[in-house]
Amino acid sequence: MFNDHNHMSLINTEENVNAQTTQKLSGAQAIIQCLIEEQVEMMFGYPGGAIMPTYDAIHEYQNQIKHILVRHEQGATHAAQGYARATGKVGVCIATSGPGATNLITGIADAQIDSTPLVCITGQVHKDLLGTDAFQETDIIDISMPVTKWNYKVTEADEIPRVLAKAFFIAKSGRPGPVLIDITKNAQMEFLEFSYDKCNHINSYLPEPVPSSHSVIDAVSLINNAKKPLVVFGQGVILGNAEPELKMFLDKSGIPAASTIMGLSALNPNHKSYVGMLGMHGNYAPNLLTNECDVLIAIGMRFDDRVTGTISTYATNAKIVHLEIDPSEVNKNIKVDVAVMGNVKHTLPQIIMKTNKNKHPAWRKQFTDLYNKENEKVIEQDLNPKANEISMPEVVNLVSDLTKDKAIIVTDVGQHQMAACRYSRFKQTRSMITSGGLGTMGFCLPAAIGAKLGQPDRLVIGIVGDGGVQMNIQELGTIMQTKVNVKIIILNNQFLGMVRQWQELYFDKRYASTEMLNPDYQKLSGAYGIASQKVTKRSQLKTALEKMIQHDESYILEVMVGQEQNVFPMISPGMSVSDMRLS
């Protein structure tokens, strides 16, 4: 992690550069010119006093870079996240000082834990006012330090090109993450001789560790001698653009492979090795058999607690091979036997070359048998509920059918999120966008806007609960103003559903502060000029979904689902993956 205390070494270090000619610009103009040099197409933001000179420059450059006016600064960060996750590019957001800057923090923290590359630019009061509690002054550098990959305060205009060049390099290199650059008002208004040199090296910063030949040999030895191997892959595959290498490894090795939530869409679910999703509400077989495998190959994932359950009982029979780009993640939660450091795009081919061909038929049958049990006890009932109430899984499954599994699905956080992850079929990479590590309610609506603006030719569908949608519902104004064609499905159970489920299972049905009295979403949609429909009966569902998908503008579909439906399978808190329950 990079933080302000070591920023001078970053600014003064030698770097590889491509020299550019100079021109006289204001600091504000320089900020926008830097973004153009980095091929930024759009940014998400909200103006205010300390960032006003930069907004004046945005107006000047509006034919070269697009600014999306959100309705709340948190919406800017989530929209930038959606854009980054859908495109693989760096998301950019901009805000003023004080409350504008602090409103970015939730999205920045979300981006940090989910490894999303962002460059966040905040205005700051004049350098002569720093530390005086001036109007809208907040020390955003110290506030953001724990949740950024690097941050830096600019107080002089001539720092701007060097700092922003490094910001983009740090944000997108190695394990990606958010960077915050705080720029005082005087620095925006002063003039400098502008030239831009893209950064591609910083002394002492090694974004991609070089794997040792010994670690590759040791990893291959374990893999080739395994009787019951299991691959667990995460978002590192997507971030490293290593989807082809993962497929090649599985094609050759025949090893069963399970995805984390963040790894969804890295592998076609129809692949013969794919055995489902891991985690608290993941699939039964890969969770249970984690504790029967003898070699676990973790590829671009970080052993989050929602994957491991109780750490002391996780993968108890397995030797563990960890392919990872971030050294801080190795042995952080789970002790591994072999660590192969580096981008999995580069390390997987070295392993593939030496991996034996194998089909593991008896081992794979164990996954099939357990899947059949889950299918009978859970999946069939989820998709074909006997009750008249519509279920979340049947909505999600029908969306996947009607879109031929080609849509980008953006979710909020809760029961609907688990339904979307379990029952969507992602056949194209970068098709699942969700808040994984932080679990941020309010993520879906702005992230879906950003995803659609980043991928205008793809169908983008946001799936959200009645609780989460209200946390950033003001971003309907952004949809109204931009005319972005995003589809939003509100799965309305009139509860904070996941909290209610826990209250039912572990708090004797004491539903404390989880029942929701909701607004009329059709009237609300109409106020923003967005077409909408409400579905209350199963007989209406397919036609309503088809109408939403075919509608050539944004659309909100509210679907009333069962109030007290639960998400299973489930690993109870504090329990082992072996203790997953089906009901």
Evaluation steps, side-chain contact (heavy atoms from CB on, under 4.5 Å), between Leu323 and Ile351: CA-CA 10 Å; Leu323 280 67; Ile351 290 174; 3.8 Å; yes

Could you check whether atom [atom1] of [X] has more than 12 heavy atoms from other residues, nucleotides or ligands sitting under 6.0 Å from it?
| X | atom1 | answer |
| --- | --- | --- |
| Lys332 | NZ | yes |
| Lys247 | NZ | no |
| Phe507 | CZ | no |
| Asp369 | CG | yes |
| Lys319 | NZ | no |

Do [X] and [Y] sit within salt-bridge range, that is, some charged N less than 4.0 Å from a carboxylate O?
| X | Y | value |
| --- | --- | --- |
| Asp294 | Lys227 | no |
| Glu394 | Arg538 | yes |
| Glu553 | Lys483 | no |
| Arg425 | Asp401 | yes |
| Lys537 | Glu389 | no |

For side-chain hydrogen bond (donor to acceptor under 3.5 Å, both in side chains), just list the numbers for Asn492 and Asn518, CA-CA rounded to whole Å, side-chain angles, deciding distance to a tenth of an Å, and then say yes or no. CA-CA 9 Å; Asn492 186 353; Asn518 293 313; 3.3 Å; yes

Side-chain contact test, heavy atoms from C-beta onward, threshold under 4.5 Å: evaluate it for [X] versus [Y] and give yes or no.
| X | Y | value |
| --- | --- | --- |
| Arg422 | Met277 | yes |
| Ile489 | Met548 | yes |
| Phe443 | Met471 | no |
| His360 | Pro229 | yes |
| Trp363 | Cys293 | yes |
| Ile261 | Met418 | yes |
| Asp110 | Gln112 | no |
| Met432 | Cys421 | yes |

Go through it in stages, so that I can follow the logic: the residues are Ile479 and Tyr528, the test is side-chain contact (heavy atoms from CB on, under 4.5 Å), and I'd like the CA-CA distance, side-chain angles, deciding distance and then a yes or no. CA-CA 8 Å; Ile479 294 176; Tyr528 286 97; over 6 Å; no

Residue pair [X] / [Y], side-chain donor-acceptor N/O under 3.5 Å:
| X | Y | value |
| --- | --- | --- |
| Thr77 | Gln74 | no |
| Gln501 | Gln415 | yes |
| Tyr423 | Asp382 | yes |
| Asp251 | His271 | yes |
| Ser265 | Ser431 | no |
| Tyr83 | Gln455 | no |
| Ser572 | Tyr506 | yes |
| Glu292 | Gln366 | yes |
| Glu564 | Tyr511 | yes |
| Asn485 | Lys487 | yes |
| Asn493 | Arg500 | no |
| Glu558 | Gln522 | yes |

Any side-chain to backbone donor/acceptor pair from [X] onto [Y]? Under 3.5 Å, distance only.
| X | Y | result |
| --- | --- | --- |
| Thr514 | Val499 | no |
| Thr87 | Lys89 | yes |
| Ser115 | Arg175 | no |
| Arg306 | Gly279 | no |
| Asn287 | Asn283 | yes |
| Glu245 | Leu348 | no |
| Asp412 | Gly465 | no |
| Glu41 | Gly454 | no |
| Gln503 | Ala512 | yes |
| Ser554 | Val486 | no |

Checking Glu324 against Arg302 for the salt bridge (Lys or Arg N to Asp or Glu O under 4.0 Å) test, could you report, in this order, the C-alpha distance in whole Å, the side-chain angles of both residues, the deciding distance, and whether it holds? CA-CA 8 Å; Glu324 174 60 48; Arg302 60 184 182 85; over 6 Å; no

Nearest heavy-atom neighbours spanning [X] and [Y]:
| X | Y | result |
| --- | --- | --- |
| Gly442 | His78 | O-CD2, 3.8 Å |
| Asn472 | Leu445 | O-CD2, 3.4 Å |
| Ala447 | Val410 | CB-CG1, 3.8 Å |
| Ser391 | Gln565 | CA-OE1, 3.3 Å |
| Ala420 | Ile409 | CB-CG2, 4.4 Å |
| Ala86 | Arg430 | O-CD, 3.7 Å |

Consider side-chain contact (heavy atoms from CB on, under 4.5 Å). Of Leu402, Val559, Thr403, Val535, which one does Leu545 pass it with? Leu402

I need the single residue from Gln417, Met392, His281, His416 that forms a side-chain contact (heavy atoms from CB on, under 4.5 Å) with Val567. Which is it? His281

Under the side-chain hydrogen bond (donor to acceptor under 3.5 Å, both in side chains) criterion, do Glu546 and Thr543 qualify, and how do the steps go? CA-CA 5 Å; Glu546 289 172 335; Thr543 301; 4.6 Å; no

Carefully, step by step, assess Arg510 and Asp508 under the rule salt bridge (Lys or Arg N to Asp or Glu O under 4.0 Å). CA-CA 6 Å; Arg510 292 189 293 274; Asp508 296 326; 3.4 Å; yes

Would you check, one step at a time, whether the test side-chain contact (heavy atoms from CB on, under 4.5 Å) holds for Asn268 with Phe426? CA-CA 6 Å; Asn268 189 314; Phe426 302 106; over 6 Å; no

Looking at CD1 of Ile571 and OG of Ser576, how far apart are the two atoms once the value is rounded to the nearest 0.5 Å? 7.5 Å

Answer yes if the ring centres of His322 and Phe303 are under 6.0 angstrom apart, and no otherwise. yes

